[in-house]
Structure formats: structure tokens, C-alpha cells
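Hydrogens, waters and symmetry mates are skipped; everything else that's a heavy atom, side chains included, is used.
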Amino acid sequence: MKSSNASWVCLLLLCFAAMGDAEYMKYKDPKQPINTRIKDLIGRMTLAEKIGQMTQIEREVASADVMKKYFIGSILSGGGSVPAPQAPPSIWVNMVNEFQKGALSTRLGIPMIYGIDAVHGNNNVYNATLFPHNIGLGATRDPDLVKRIGEATALEVRATGIQYTFAPYIAVCRDPRWGRCYESYSEDHTIVQQMTDIILGLQGEIPVNHTKGVPYVAGKDKVAACAKHFVGDGGTHNGINENNTIIDEHGLLSIHMPPYYDSIIKGVATIMVSYSSLNGVKMHANHALVTGYLKSKLHFRGFVISDWLGIDSITSPPGANYTYSVQAGINAGIDMVMVPYNYTDYIDDLTSLVSKGIVNMSRIDDAVRRILRVKFTMGLFENPLADLSFADQLGKKEHRELAREAVRKSLVLLKNGNSPNQQFLPLPKKARRILVAGSHASNLGYQCGGWSIQWMGGSGDITTGTTILDAIKSTVADSTPVIYSENPDDSFMNHNDFSFAIVVVGEPPYSETVGDSTNLTILDSGPDTIRTVCSAVKCAVVVVSGRPVVIEPYVPLMEALVAAWLPGTEGQGVADVLFGDYGFTGKLPRTWFKSVDQLPMNVGDPHYDPLYPFGFGLTINSSLPGFSGADNVGDSRQRLIYVSLCSLLSLVLINDLGIGVFQHPAALLF
Ligand code: BGC
Ligand code: BGC
């Protein structure tokens with residue numbers, strides 16, 4: 001009796017001890033330092049669990065069961081990959097949570113991280129605020145604005161339950177023939193460097209004394225960012241996407257690398273490798289740069305992710321020897337592979353490469369340590385599941401106002417009147433009849449560009465927003481009729497008596513390789529529309545494009561020319577400035593060429609002979625009398641006095657500084 005009592009007590013004690021063990025796992029304790037948590041967790045993981053962490057799959061092939069069975073560490077939405085067309089936040093959040101529950105139901109319960117390309121707002125999501133693409137933001141020269149856009153984007157990404165964005169794009173585009181040029185802030189690396197402040201908005205302001213290279217993500221209302229694509233993607237030969245960047249070490253380090261220095265200092269959590277090659281070596285297999293430079297020299301401590309099928313194209317043709325691709329990619333230093341579909345091939349190959357000793361366990365542990373570091377840092381273990389508390393952030397008024405501000409600041413005024421004292425803009429809000437024409441005036445999809453709802457973008461009402469036509473209509477006086485005709489003919493022009501016209505033309509939407517172009521022409525009817533309209537009535541031309549396009553032949557026909565880039569959903573910003581409620585402040589983030597045979601041509605090149613140079617942008621001071629945009633048809637006396645004053649001053653300055661014909665008198669004055 002006694003002895004059996006004693007054994008019961010022993011058993012109970014053992015049970016308690018075991019329970020105590022089960023209850024206290026260091027890695028689950030947020031009070032433990034992150035490195036302690038990482039070490040504890042890695043010590044418990046099997047090879048399968050580790051390789052699972054290194055795997056990112058597309059949502060189309062993901063399910064709670066797959067997450068659980070393969071210990072998958074990450075899921076992504078590719079361009080346009082949504083749970084349902086026009087899905088509201090609740091559907092997104094449920095989807096992400098379902099996958100997450102699968103991940104949490106594994107033995108160690110390591111949460112997965114979900115990534116999406118929120119490259120100009122949360123752009124795959126219906127109703128999200130779409131900000132101008134990066135080229136337009138580069139024109140603003142306003143890092144604080146871009147940081148605020150980062151904050152808003154983080155909230156709109158969290159609205160869908162997602163914790164990770166593949167942004168910012170920090171390529172320095174050196175050739176506008178490249179289809180991704182609009183994703184680049186500028187041809188000038190210093191502008192790209194300044195714009196990496198978006199990371200502080202996406203991830204949160206980095207604390208002082210934060211160790212350099214260690215990722216930082218502030219919490220539930222922030223997202224992990226991804227600087228991409230490492231490195232030299234903007235310098236490929238002739239601007240061919242995913243091609244070869246031929247450059248010496250000095251060129252690489254002084255043009256394409258600097259934005260990475262800034263991103264790392266700002267605590268960027270992840271970095272994506274480029275499809276492109278560097279002097280013939282595929283970046284996905286470039287050990288010297290990914291491991292030697294990025295990890296060892298720059299002390300980057302976040303994780304390195306491959307691009308979509310990126311390791312596949314280490315061989316030519318892509319996928320010819322997938323085992324070799326896995327070996328070369330992982331050994332180069334890639335920590336997480338965006339597989340994104342055939343994950344069992346990847347997992348099987350990596351498992352056998354490790355068992356054969358071709359990939360070392362220390363390489364696997366390095367990768368997993370980095371992935372876990374990001375997950376711990378951002379509080380994913382404490383808050384793995386999303387709720388609807390951010391749902392009302394999606395497309396909210398304040399974010400649309402911010403986007404509208406960004407649009408206003410991104411506009412670059414390239415021509416205004418045929419001489420400095422005959423300005424055409426701002427336009428009067430009161431007029432007899434205004435014509436709005438062109439392929440891009442009433443097309444929300446076109447003004448958003450690629451990476452908008454669909455990977456390639458779309459045409460027409462792809463989401464909610466304000467077209468440039470709608471914006472013009474709501475800006476002019478009630479008594480002013482606005483007539484819209486996409487591509488009017490001569491007889492239409494002859495039978496209508498317009499006060500003036502606004503012609504909005506540009507490029508159709510595109511992404512990546514589809515956007516590569518050797519002729520850089522605007523959409524077909526555009527030149528015709530400009531010719532027909534501008535020869536019949538005074539006109540302002542607004543170009544909606546991802547880059548400088550062929551425009552020189554038509555410039556003499558028009559009174560004013562405005563580069564609007566790819567403004568996104570808030571077209572109102574265009575009308576705000578055209579009608580003088582705000583001034584023009586944007587400056588060219590790229591050189592505007594005369595003809596494509598000059599390309600590549602960047603500021604500082606010996607053969608520099610642009611139509612409009614890098615940094616060019618006319619201004620108008622909208623606060624001056626006669627420039628209010630209201631009621632200013634015909635010259636007021638004040639306007640006359642102002643214009644004469646300006647011309648006089650500009651003459652003096654032109655003579656003194658040899659500034660030349662580009663400067664607008666108002667620019668010189670203020
Ligand atoms: C995906 C994109 C991806 C592209 C790569 C598309 O099918 O939707 O996200 O960038 O493939 O080629
Ligand atoms: C693009 C990346 C993008 C990825 C996922 C790739 O094709 O190059 O920029 O993040 O697809 O959509």
C-alpha cells in the first residue's frame with residue numbers, strides 16, 4: 001500500500017515536471033532575447049522543419065494541410081493572385097488565417113509569413129489606394145512623403161491580414177527601354193537612396209543605436225519590407241529585362257549598390273535577388289555578392305529571398321537541371337526560395353543535397369536563423385493571426401488624400417506656352433467649353449499602370465478611383481461644360497467651338513519583360529489625337545507613362561506639356577495642379593531623350609543632349625494674382641505686370657548665369 005502510494009507520488013511529480021517542460025519553451029517566451037529564442041528553436045528543429053522554413057509557395061497551391069505536412073515557412077500572392085475577384089478584407093484575412101492555422105498546428109507551431117507585391121499601395125487588392133508608381137515619386141524629391149506612403153501601405157497590407165511586402169523596388173534604372181523602369185525612382189542613385197525612407201514607413205522608424213544590418217519591424221501595424229532586386233537589375237544591357245549588367249566594380253558600387261547601404265541602415269528585413277546577371281554570372285548563383293558582400297561585408301542579418309522561379313533560370317533553359325539550381329542558389333546564400341509551385345521538387349532536392357553533404361548544415365542553419373530572426377523581430381510568434389481591426393484602413397479617405405498629394409507633387413511641367421511671357425497653365429476653371437481627349441483621359445486602369453489588380457494591370461474600371469476626366473469635371477466651375485471625345489476627328493473639331501483642350505495620352509499598362517520596348521512610342525491613337533486636337537484648338541497635353549516616351553515631334557503643336565507618370569487611383573491630383581489650385585513642383589527623375597537612338601543616355605554622360613534634362617521642371621506660383629486658376633481667361637492687369645517682371649528678371653539671370661532657354665521665369669523668381 002505504502003509503496004504503491006509512493007509510486008503514485010513519483011508519477012505525479014514526473015508528470016508535473018514534464019508538463020512544466022512542455023509549458024516553458026524558451027523560444028515561445030517574448031521576454032527572452034531574440035538570439036536566445038532563435039537558438040532554442042533551431043535546436044529543436046528537424047531538417048524537414050528547417051527546409052520548410054526556407055520554402056515559399058504560391059497561395060494557389062497552399063492549404064492548411066500543405067502548410068502542416070511540409071512545415072512551409074512562407075506563402076505569397078503573385079501578381080493578381082487573389083482569393084476571389086474584388087475580395088473584401090474579410091475574405092483575405094480568413095484566407096491568410098486558414099493557412100496560418102495549418103502552420104501553427106505543426107509540432108513547433110512556427111508561424112508562416114505571407115508576402116505580396118505592395119509596390120504602389122496594396123495594388124493587387126480591390127479598393128486599395130494605389131499611389132503613383134516609383135518614377136512619379138522620384139519626381140517629387142520628397143522622402144517624407146514617401147515615408148508616409150510607406151505607413152499607409154503597411155496599414156492597407158495589414159488590412160488584408162498580410163505581414164510582408166516585396167517592396168521597395170530600389171533599382172537604379174539606367175535605360176528607359178527597360179520594362180520595369182517605372183518601378184525605379186530615378187536614374188540617379190542619390191534619389192533612389194533618399195526614397196529608401198519608405199522602409200521607415202513600412203517597417204517603422206528604426207530605434208537609435210539599433211545594430212546595423214539587423215532587421216527591424218515595429219509591430220502589428222507595420223510590415224516586413226523587401227529591397228529588390230540585388231543587384232544591378234537597372235543596368236542590364238540595352239534595358240533588356242533579366243539580362244546581363246556589364247559593369248566594373250567601381251560602377252556597380254557607385255551606381256547600383258548605394259540604395260542597399262541605405263536600406264540596410266534603415267533595418268530592411270529582407271532582400272530579393274535579381275533575375276539578371278552581373279558580367280555573365282547569374283545573381284541567383286552569385287556567392288561573392290550575396291554571401292561575400294551582402295551578408296559578410298555589409299552585415300545584412302535579415303533573410304535573402306529568391307525571385308519567382310529565380311533559381312530555375314540559373315540554368316539555360318530554365319529548369320534544365322533543377323537540382324543544380326537548388327544547390328547553386330542555396331550555396332550562393334539564398335535563404336528562402338520563392339519556388340513558387342513545385343515545392344516538393346525543391347524540398348526533395350534540398351533534402352538530398354544536405355544528406356549528401358553538397359549543401360552544408362551550417363548553410364541551412366544560417367538561412368533558418370535569418371528567417372526566424374525576421375519572424376521573431378516583427379512579433380509574428382506573439383501575433384500570428386490577423387483580425388479585422390485594420391479592415392477599414394483599406395482605401396480610406398486619408399490614404400486617398402495622401403495619394404492625391406503625391407500625384408500633385410509628381411507632375412512635371414515640361415512646356416508652358418511658346419515663350420516665357422505667354423504661359424498657358426494654369427487653366428481657367430470658367431470657360432465656354434472644354435474638350436478632354438485622348439486614350440488615357442477616362443481610363444482608370446491605364447493611369448494605374450502595371451501591378452494594378454492584375455500583374456499586367458488592366459483597362460477601364462479595374463478598381464475604385466478617380467479618372468483624370470472625372471477630376472477635371474469636378475474641378476471646373478459648374479457653368480463650364482466639359483466635352484469628352486477619346487479620339488475626335490477634324491469634323492468634330494470644326495463643328496465645336498472649344499475654349500481649349502486637355503489631351504491625355506500615354507503608354508498602355510505593362511509589367512516586367514512585356515514592357516521592354518525599343519521604340520518607346522505612346523499608344524497608337526495618341527499622336528493622331530494630339531495632331532487633330534492641338535492643330536484645331538489650344539491644348540495642354542498630359543502624358544501618362546512609365547518613362548520618357550517619344551514626344552519631341554509633337555511638342556511644337558501643343559501649348560503645354562505635363563508628365564504625369566503613372567499616377568494611380570487618385571486622378572484628382574492631376575486636375576488640382578492643371579487648374580492652379582496647387583503649383584507644379586515635380587522635377588524630372590530621368591533624362592527625357594529626343595530620340596531612342598540616343599539611348600542609353602543618363603545625366604553626366606559625354607553625349608548628353610536631352611530634350612529635357614534630368615532635374616528639369618517648370619514652375620508656376622499659383623498664389624500670385626491672375627494665377628489662381630479661377631476666372632483667369634484673358635490677361636488681368638496684375639498678370640501682365642507679373643509676367644513682364646518675370647521676363648525682365650529672367651533675361652537678367654539668363655545673361656548672368658548662362659542658364660539658357662529651359663528655365664521658366666517663375667522658376668527663377670521663386
Ligand atoms: C506572377 C507574377 C510574377 C510573374 C513572373 C506571374 O504569373 O503572377 O507575380 O512576377 O509570373 O514571371
Ligand atoms: C518579380 C518580383 C516579384 C515577384 C513576385 C517576380 O516576377 O520580378 O519583383 O516580387 O515576381 O510577384
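- Salt bridge status for Lys28 with Asp40: absent, with no side-chain N to carboxylate O gap under 4.0 Å.
- Residue-environment remark: OH (Tyr322) exceeds the threshold of 12 foreign heavy atoms within 6.0 Å.
- Ion pair Arg370/Asp365 not flagged as a salt bridge, since none of the NZ, NE, NH1 or NH2 atoms sits closer than 4.0 Å to an Asp/Glu carboxylate oxygen.
- A salt bridge is defined here as a Lys NZ or Arg NE, NH1 or NH2 lying under 4.0 Å from an Asp or Glu carboxylate O, and Glu382 with Arg37 meets this definition.
- The local environment of NZ in Lys69 is sparse, with at most 12 non-hydrogen atoms from other residues, nucleotides or ligands closer than 6.0 Å.
- Distance check: Ser277 OG to Asn286 CG gives 9.5 Å after rounding to the nearest 0.5 Å.
- Between Ile198 atom CD1 and Lys147 atom NZ the span is 12.0 Å, to the nearest 0.5 Å.
- Between Phe376 and Tyr27, the angle of the ring planes goes over 60°, which puts this pair in the perpendicular group of the 30/60° scheme.
- In this structure, Val192 and Ser186 have side chains that are in contact, with non-hydrogen atoms separated by less than 4.5 Å.
- Contact detail for Glu60 and Glu58: the closest heavy-atom pair is N-OE1, 2.7 Å.
- For the pair Asp366 and Arg363, the salt-bridge criterion is met [side-chain N within less than 4.0 Å of a carboxylate O].
- Below 30°, between 30° and 60°, or above 60°: for Tyr341 and Trp308 the angle between ring planes is above 60°, a perpendicular geometry.
- Contact check for Gln100 versus Leu104: side-chain heavy atoms found under the 4.5 Å cut-off.
- Smallest separation of non-hydrogen atoms from Leu294 and Val304: CD2-CG2, 3.9 Å.
- A donor-acceptor contact under 3.5 angstrom links the side chains of Thr513 and Asn241, judged on distance only.
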Next item on the list: Kindly indicate, with the supporting measurements, whether the criterion side chain to side chain contact (heavy atoms under 4.5 Å, CB included) is fulfilled by Leu47 and Met361.
Entry: CA-CA 9 Å; Leu47 179 62; Met361 202 58 193; 3.9 Å; yes
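- Atoms CD and CZ, from Gln53 and Phe303 in turn, are 9.5 Å apart once rounded to the nearest 0.5 Å.
- A salt bridge between Lys101 and Glu98 is present, with a side-chain N of the basic residue lying under 4.0 Å from a carboxylate O of the acidic one.
- Met45 pairs in a side chain to side chain contact (heavy atoms under 4.5 Å, CB included) with only one of the listed residues (Val368, Ile364, Ile51), which is Val368.
- When side chains are defined from C-beta on, Asp197 does not count as touching Asp144, because their heavy atoms never get closer than 4.5 Å.
- Tyr169 has its ring centre less than 6.0 Å from the ring centre of His229.
- Here the straight-line distance linking atom NZ of Lys396 with atom CD of Glu156 works out to 8.5 Å at 0.5 Å rounding.
- Checked for salt-bridge contact, Glu49 and Arg107 meet the test: a charged N lies under 4.0 Å from a carboxylate O.
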